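Reading through the structure tokens given below for one structure.
Small disclaimer: the values here were computed from a predicted structure and weren't measured. So you know, we letter chains A, B, ... as the sequences are listed, proteins then strands, and number each from 1. In what follows, every heavy atom counts, from backbone to side chain, and hydrogens, waters and symmetry copies are set aside.
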2 protein chains.
Amino acid sequence: MREPSPDKQEAILETALTLFTERGFAGTPTSLISKEAGVATGTLFFYFKTKEELIDTLYRRVKSEAAKEMSRGIDKEKSAKAKLRRLGRNAAGWGMKNPAKLKFMEQFAHSPFVSTSAHEEGMSHFLFLEDLVRQGIQDGEIRNVEPSGLFCLMASALSGMIAHALSTGDRKERERIIEDGLDFIWFGMKA
Amino acid sequence: MREPSPDKQEAILETALTLFTERGFAGTPTSLISKEAGVATGTLFFYFKTKEELIDTLYRRVKSEAAKEMSRGIDKEKSAKAKLRRLGRNAAGWGMKNPAKLKFMEQFAHSPFVSTSAHEEGMSHFLFLEDLVRQGIQDGEIRNVEPSGLFCLMASALSGMIAHALSTGDRKERERIIEDGLDFIWFGMKA
DNA sequence: GCTCATATTGACTGACCAGTCAGTTTACAT
DNA sequence: ATGTAAACTGACTGGTCAGTCAATATGAGC
């Protein structure tokens, strides 16, 4: 018997990530992915039944990783304000370190190539964030408006902020953009 | 001689808009577009040299229309706060009335199918917004941080807000989402 | 009505590509 | 060593589709 090689699957996923962000889903033939990943066409289809399954897996992974990185250490903070700020900084840090994954998320967030179920699963990882908002409202730290609305506003502002921070090469300026962005979000939410 | 028919070109663009948002760029064959638009394949390629030229034209048009609608009547307002609120309401109103166009913009904002030049032209229509922010800072109404950063934050929050408002059918709730969103944005910006 | 330029048609083509499969290699068990 | 189950290979195929083009329809000017 032989064991499936996590290395090969990983190589395929990583290559696909880069190529999909650079050339789009339809613009990248599976043959190119397998070639760049150093495996045969057949191998790609051994690990992923279809091209769609490949992008779906990729989407789930990236979303899940992003959510995990963002939530890192927020229970250590006690106030909603501090939690939110920590979360924002985590998000920014991850985005700076993984621009390809970030671009991938943006590019395929509304894409019909990614299945509805993958989109839903991706969303689900960020639900803890809505709870965080809800708790902040209960504690009187956050303005009492519909939490799901605040969550949307915060998430999109965050994403816009990171994209903008990435557009400059200067580290100092990036930090300034991030701090300003976090201020914007906090002032928008606080009671 | 015969004149090119604006009607046919319009029908093609309108059909393409719907199909692209529903099925993606690569997912919609030109043959389907022409069929649904009620013209022959050849006619589509008479009005648009390539499929890319078609989506580019569409992108430019939609972005330009969106910008125009958003800026409607903002010179009537005197304060930055009032201008911003008017702009936000315009944007929301347009988005509610043109969900397909909005979805198209979101879906293709980061798409490699749309040429760089079309992306740039699309962006350029929203530059007046950055000036508005700059003016507000000068007048002491808006917090003194880099205007381009504020612009990004505002734009992404706005877009997130509209998408969220569209997800409910109830008119009253929509209005609440919009008012809450505009508050969020304003509190985030004001001095 | 006739002419002519151009709009319109749709069958066709050449290229491309997702996914298959018959065969080959690998590594584990006995 | 040998058997064997599963990983791996890559040439191949069936289908699809962007874009072409020779033929035809249309309408403006005479």
ask   = Contact class for A:F48 vs. all strands (heavy atom < 4.0 Å): base, sugar-phosphate, or nothing?
value =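 A:F48: no heavy atom of the nucleic acid under 4.0 Å.
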query = Residues in side chain to side chain contact (heavy atoms under 4.5 Å, CB included) with B:R85, at least two apart?
reply =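 Partners of B:R85 under the side chain to side chain contact (heavy atoms under 4.5 Å, CB included) test: B:R89, B:E179, B:L182, B:D183.
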ask   = For A:A191, what residues pass the side chain to side chain contact (heavy atoms under 4.5 Å, CB included) criterion, not counting sequence neighbours?
value =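 Not a single residue meets the side chain to side chain contact (heavy atoms under 4.5 Å, CB included) criterion with A:A191.
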task = State whether a side-chain donor-acceptor pair under 3.5 Å links B:Q135 with B:D131.
result =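 No pair is found: no donor N or O on one side chain lies under 3.5 Å from an acceptor on the other.
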What is the separation between atom [atom1] on [X] and atom [atom2] on [N], rounded to the nearest whole Å?
| X | N | atom1 | atom2 | value |
| --- | --- | --- | --- | --- |
| B:E53 | D:dA18 | CD | P | 15 Å |
| B:L32 | D:dT16 | CG | P | 13 Å |
| B:I55 | D:dA18 | CD1 | C1' | 15 Å |

ask   = Distance check: side-chain N/O of B:Y47 vs OP1/OP2 of C:dA7, anything under 4.0 Å?
value =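 It does not, given that no N or O in the side chain of B:Y47 lies less than 4.0 Å from OP1 or OP2 of C:dA7.
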request  = Name all pairs fulfilling the side-chain hydrogen bond (donor to acceptor under 3.5 Å, both in side chains) condition that reach into residues 102-117 of chain B, sequence neighbours left out, sorted by first residue then second.
outcome  =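 Applying side-chain hydrogen bond (donor to acceptor under 3.5 Å, both in side chains) to every pair that reaches into residues 102-117 of chain B, excluding sequence neighbours, yields B:D56-B:S115, B:R60-B:S117, B:S115-B:S117.
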task = Spell out protein contact along nucleotides 9-19 of chain C as letters: B when the base is contacted, S when just the sugar-phosphate is, - when no protein heavy atom is under 4.0 Å; keep the 5' to 3' order.
result = BBB-----SBB
Counterpart residues, ring-ring contact (aromatic ring centres under 6.0 Å, His included), relative to A:Y59 (two or more places apart) =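 Checked A:Y59 against ring-ring contact (aromatic ring centres under 6.0 Å, His included); matches are A:H119.
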query = Considering residues at least two apart in sequence or located in another chain, which fulfil the salt bridge (Lys or Arg N to Asp or Glu O under 4.0 Å) criterion with A:E22?
reply =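 If we apply the salt bridge (Lys or Arg N to Asp or Glu O under 4.0 Å) test to A:E22, skipping adjacent residues, there are no hits.
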